[in-house]
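One structure is given below, encoded as structure tokens.
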Amino acid sequence: PKESFVISEIFFAGTRNRKGDQYDEDKFIRITNNSPVTRYADGLALVRSLWQSDEKKERVEPNLMDTHMAVGIVMQIPGEGSSYPVKPYESILLCHSAIDHSAENPNSIDLSGADFEWMSDKGYTDSETPDNPKVPDMRAIFLSDPFGEGMQNWIMSNNGQHTYALVDLQGKSAEELATDYAYDYSEILVIEGMDPMPLPGEPALKIPQEWILDAVNLS
């Protein structure tokens, strides 16, 4: 019970289209103002954990898990402070694509009334659905690109497999985060019968736990 913005619903499984194929474009996250006062969503960030929750990390150096959250994606709601009020106990919807998906996929839903898109044609190269120009896009603050492919790709895993959190970035810019909160780490890969193998870490940020308003671990 926390009087702040909280994650109240995560739809990560997607649906099936007429052919029975996986349909990933209709995923969404619902954010609720869990307090008796109006709060503003301006600047609120949604982050995704760097590591999958079904991976056991035997050894990471430096290990900051007691104080920080390692993240690979940071998307931020736009606004200058009072653009997006959320009334007490009401919700906003963040989604992949704010269109009526049921028009093409009868098993899907209408998301044309969503409040924000976390990716759009301008930043999501794998998207099969169009950007809705009437729905504000979230700002891409940080997107890990370990292979240098320029793929600003956020498909929520159908099995969960990540932690999602709401974060107050304390007014930090993308440049400040990349400079002051970069997480330079290495991993040790351990396979039975083989010598431990050092691995370089992927681009990541370390988010102080004090900045986290709410988090949901999926697996």
Side-chain angles (χ1 to χ4, degrees), residues 5-15 22-33 39-50 52 69-80 83-84 86 90-101 105 108-145 149-169 172-174 177-178 203-205 207 211-218:
F5 284 110
V6 298
I7 298 171
S8 52
E9 184 179 7
I10 301 181
F11 180 62
F12 60 84
T15 53
Q22 177 68 35
Y23 184 81
D24 288 319
E25 312 291 309
D26 55 0
K27 301 180 178 185
F28 67 84
I29 295 179
R30 189 183 307 277
I31 307 301
T32 298
N33 173 11
R39 294 181 181 272
Y40 293 89
D42 304 50
L44 184 67
L46 176 68
V47 305
R48 191 184 78 177
S49 61
L50 174 66
Q52 293 184 185
M69 177 179 178
V71 303
I73 296 178
V74 180
M75 302 296 295
Q76 186 179 41
I77 293 175
E80 302 305 321
S83 301
Y84 302 108
V86 184
E90 293 192 357
S91 302
I92 57 176
L93 206 64
L94 320 179
C95 73
H96 173 90
S97 182
I99 65 171
D100 182 2
H101 296 273
N105 177 6
S108 191
I109 50 181
D110 183 0
L111 291 176
S112 59
D115 297 279
F116 300 97
E117 292 178 317
W118 62 59
M119 290 289 189
S120 72
D121 289 347
K122 294 182 288 296
Y124 188 43
T125 54
D126 277 356
S127 183
E128 297 177 359
T129 53
D131 177 34
N132 185 342
K134 297 180 180 180
V135 176
D137 295 326
M138 298 181 73
R139 299 169 179 161
I141 299 298
F142 181 81
L143 296 162
S144 184
D145 184 20
E149 297 174 345
M151 298 289 286
Q152 299 180 358
N153 187 341
W154 183 355
I155 281 284
M156 298 176 76
S157 166
N158 300 331
N159 298 319
Q161 294 179 314
H162 282 96
T163 297
Y164 295 91
L166 296 179
V167 173
D168 180 349
L169 294 177
K172 304 291 184 184
S173 67
L177 290 169
L205 296 181
I207 299 295
W211 296 7
I212 298 175
L213 303 178
D214 191 30
V216 175
N217 186 52
L218 305 173

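Basis for what follows: all heavy atoms, side chains included, without hydrogens, waters or symmetry-related copies. If you're wondering where the values come from, they're calculated on a predicted model, not measured in any experiment.
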*Can you tell me how far OH of Tyr164 sits from CD1 of Ile73, rounded to the nearest 0.5 angstrom?*
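One finds 7.5 Å between CD1 of Ile73 and OH of Tyr164.
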*State the OG1-CG distance between Thr163 and Leu218, to the nearest 0.5 angstrom.*
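Reported to 0.5 Å precision, the distance equals 7.0 Å.
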Under a 4.5 Å cut-off applied to non-hydrogen side-chain atoms, are [X] and [Y] in contact?
| X | Y | result |
| --- | --- | --- |
| Asn33 | Glu90 | no |
| Leu143 | Met75 | yes |
| Asn105 | Glu25 | no |
| Met156 | Ile10 | yes |
| Leu46 | Leu166 | yes |

*Does a sphere of radius 6.0 Å around CD in Gln22 hold more than 12 heavy atoms from other residues, nucleotides or ligands, not counting ones at 6.0 Å or beyond?*
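Result for CD/Gln22: enclosed.
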*Check whether any side-chain N or O of Asp214 sits under 3.5 Å from a backbone N or O of Ile7 as a donor-acceptor pair, and report yes or no.*
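Side chain of Asp214 to backbone of Ile7, a donor-acceptor pair under 3.5 Å: yes, one is there.
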*So, does Ser144 use its side chain to make a donor-acceptor pair with the main chain of Gly72 at under 3.5 Å?*
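Looks like no, no N/O pair under 3.5 Å.
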_For a side-chain contact (heavy atoms from CB on, under 4.5 Å) check, start with the C-alpha distance between Ile77 and Tyr84, then their side-chain angles and the critical distance, and finish with the verdict._
CA-CA 9 Å; Ile77 293 175; Tyr84 302 108; 4.2 Å; yes
*Can you spot which of Val135, Asp115, Ile31 makes a side chain to side chain contact (heavy atoms under 4.5 Å, CB included) with Leu93?*
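That would be Asp115.
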*Taking atom types as modelled, find out whether Asn159 and Ser157 have a side-chain donor-acceptor pair closer than 3.5 angstrom.*
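Their side chains do not contain a donor-acceptor pair, so the 3.5 Å distance test is not met.
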*Dump the intermediate steps for side-chain contact (heavy atoms from CB on, under 4.5 Å) on Leu50 and Val71, then the final yes or no.*
CA-CA 4 Å; Leu50 174 66; Val71 303; 5.6 Å; no
*salt bridge (Lys or Arg N to Asp or Glu O under 4.0 Å) partners of Asp24, counting only residues at least two apart*: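 By the salt bridge (Lys or Arg N to Asp or Glu O under 4.0 Å) rule, Asp24 matches Lys27.
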*Can we call the ring centroids of His101 and Tyr23 under 6.0 Å apart?*
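Ring centroids of His101 and Tyr23 are less than 6.0 Å from each other.
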*Phe28 and ring pair (Phe, Tyr, Trp, His ring centres under 6.0 Å): which partner among Phe12, Trp118, Phe11?*
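With Phe28 as partner, ring pair (Phe, Tyr, Trp, His ring centres under 6.0 Å) holds for just one option, Phe11.
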